[in-house]
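Each remark here refers to the structure printed beneath this line.
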Amino acid sequence: MASILSVSGSPSPTSRTSRLLRHLDDRLRLQGHDVTPLEVRTLPAQALLGADFRHPAIASATALFEQADGVVIGTPVYKAAYSGLLKSLLDLLPQYALAGTTVLPLATGGSTAHVLAIDYALRPVLSSMGASHIVPGWFTLDKDIEVDDDGTLTVAPATATALEQVTDHFSAALGGRTTVLAPTG
């Protein structure tokens, strides 16, 4: 199956965006994919903001993009655009870092006023980076994602169904199955 890099562009350690991505990562793993999560917030701020392309953490993140068959990019929406943290990483990647890669863009936000952020802010950047195929993404309202005190994630039923569909479409675009295998062990 495909090698997938799952990137969270959220600056928050308690991010609903990151929790949602990890939930979708599990679905992709059950479909047989190898998924590597990347939390951009864990990369050194000085390297990101100082455009230190040679910093070992940035070089390692760049290598993850180069090795991936598919990339899931998740971001909270701030002021009708993807996060500045995600922007700082994308700016450090080579111009065509997504060449030959299938990409699934996802966004979360507090209002439906931001629903077009994927198409008008994120998709053009991903396209300019050479993504061979950007599958239809999905915007999820914050109110549809609930994280309990124990870390359990609950997604509103209609949203969960839509997310399963876009995730399955992404899996199929990578040549993978869209059915979920039974967990082992």
Side-chain angles (χ1 to χ4, degrees), residues 4-30 33-49 55 57-58 60-62 64-65 68 70-93 97-98 103-123 125-126 129 131 134-167 170-171:
I4 298 172
L5 178 61
S6 180
V7 181
S8 173
S10 177
S12 171
T14 59
S15 166
R16 282 182 239 165
T17 303
S18 291
R19 301 281 176 122
L20 186 62
L21 280 171
R22 302 301 74 95
H23 174 72
L24 297 177
D25 292 351
D26 291 341
R27 183 172 183 82
L28 289 165
R29 282 188 192 98
L30 290 173
H33 299 290
D34 178 27
V35 181
T36 301
L38 174 61
E39 302 281 339
V40 179
R41 69 176 177 75
T42 64
L43 297 174
Q46 187 159 353
L48 285 169
L49 297 176
H55 189 283
I58 301 302
S60 178
T62 300
L64 291 173
F65 277 89
V71 177
V72 179
I73 302 254
T75 181
V77 175
Y78 302 118
K79 309 221 186 279
Y82 57 96
S83 74
L85 181 64
L86 179 59
K87 170 90 167 109
S88 65
L89 174 63
L90 295 177
D91 285 348
L92 291 179
L93 296 175
L98 297 174
V103 180
L104 169 59
L106 300 169
T108 61
S111 164
T112 56
H114 299 301
V115 75
L116 293 176
I118 290 175
D119 290 329
Y120 291 110
L122 188 54
R123 185 177 296 274
V125 173
L126 301 174
M129 294 178 73
I134 303 171
V135 300
W138 191 258
F139 177 85
T140 302
L141 286 168
D142 288 341
K143 71 178 185 68
D144 290 339
I145 307 166
E146 186 177 314
V147 180
D148 295 332
D149 291 338
D150 66 356
T152 304
L153 180 78
T154 304
V155 181
T159 299
T161 299
L163 284 166
E164 287 174 2
Q165 291 172 349
V166 297
T167 303
F170 175 66
S171 182

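Residues passing the side-chain contact (heavy atoms from CB on, under 4.5 Å) test with T152 are D148, D150, sequence neighbours excluded. Here S111 pairs with A113, H114 under the side-chain contact (heavy atoms from CB on, under 4.5 Å) rule; sequence neighbours left out. By the side-chain hydrogen bond (donor to acceptor under 3.5 Å, both in side chains) test, R22 is found to be paired with S6, D25, E39, residues two or more places apart in sequence or in another chain being considered. With sequence neighbours left out, T112 forms a side-chain hydrogen bond (donor to acceptor under 3.5 Å, both in side chains) with no residue at all. Scored by the side-chain hydrogen bond (donor to acceptor under 3.5 Å, both in side chains) test, D26 finds R29 as partners (sequence neighbours excluded). Applying the side-chain contact (heavy atoms from CB on, under 4.5 Å) test to T159 and every residue at least two apart in sequence or in another chain returns W138, T140, D144, V155, A156, L163.
In terms of heavy atoms, P136 sits closest to R123 at CA-NH2, 3.9 Å. Closest heavy-atom contact between L153 and H23: CD2-CB, 3.3 Å. Of all heavy-atom pairs between F170 and V72, the closest is CE2-CG2, 3.6 Å. When all heavy atoms of D142 and G110 are compared, the closest pair comes out as OD2-N, 3.5 Å. The nearest pair of heavy atoms linking V40 to L85 is CG1-CG, 3.6 Å. For the pair K143 and R16, the tightest heavy-atom approach, listed with the atom from each and the gap, is N-NH1, 4.2 Å.
Under 3.5 Å, the side chains of S8 and T17 contain no donor-acceptor pair of N or O atoms.
Atoms CG and OG1, from L86 and T75 in turn, are 5.0 Å apart once rounded to the nearest 0.5 Å.
I4 is not listed as a side-chain neighbour of D34, based on a closest heavy-atom distance of 4.5 Å or more. The shortest distance between side-chain heavy atoms of S12 and R41 does not fall below 4.5 Å. Contact of the L20 side chain with the L106 side chain is not registered, since no non-hydrogen atoms from C-beta on lie closer than 4.5 Å.
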Can you list the steps and then say if L98 with F65 is a side chain to side chain contact (heavy atoms under 4.5 Å, CB included)? CA-CA 7 Å; L98 297 174; F65 277 89; 3.9 Å; yes
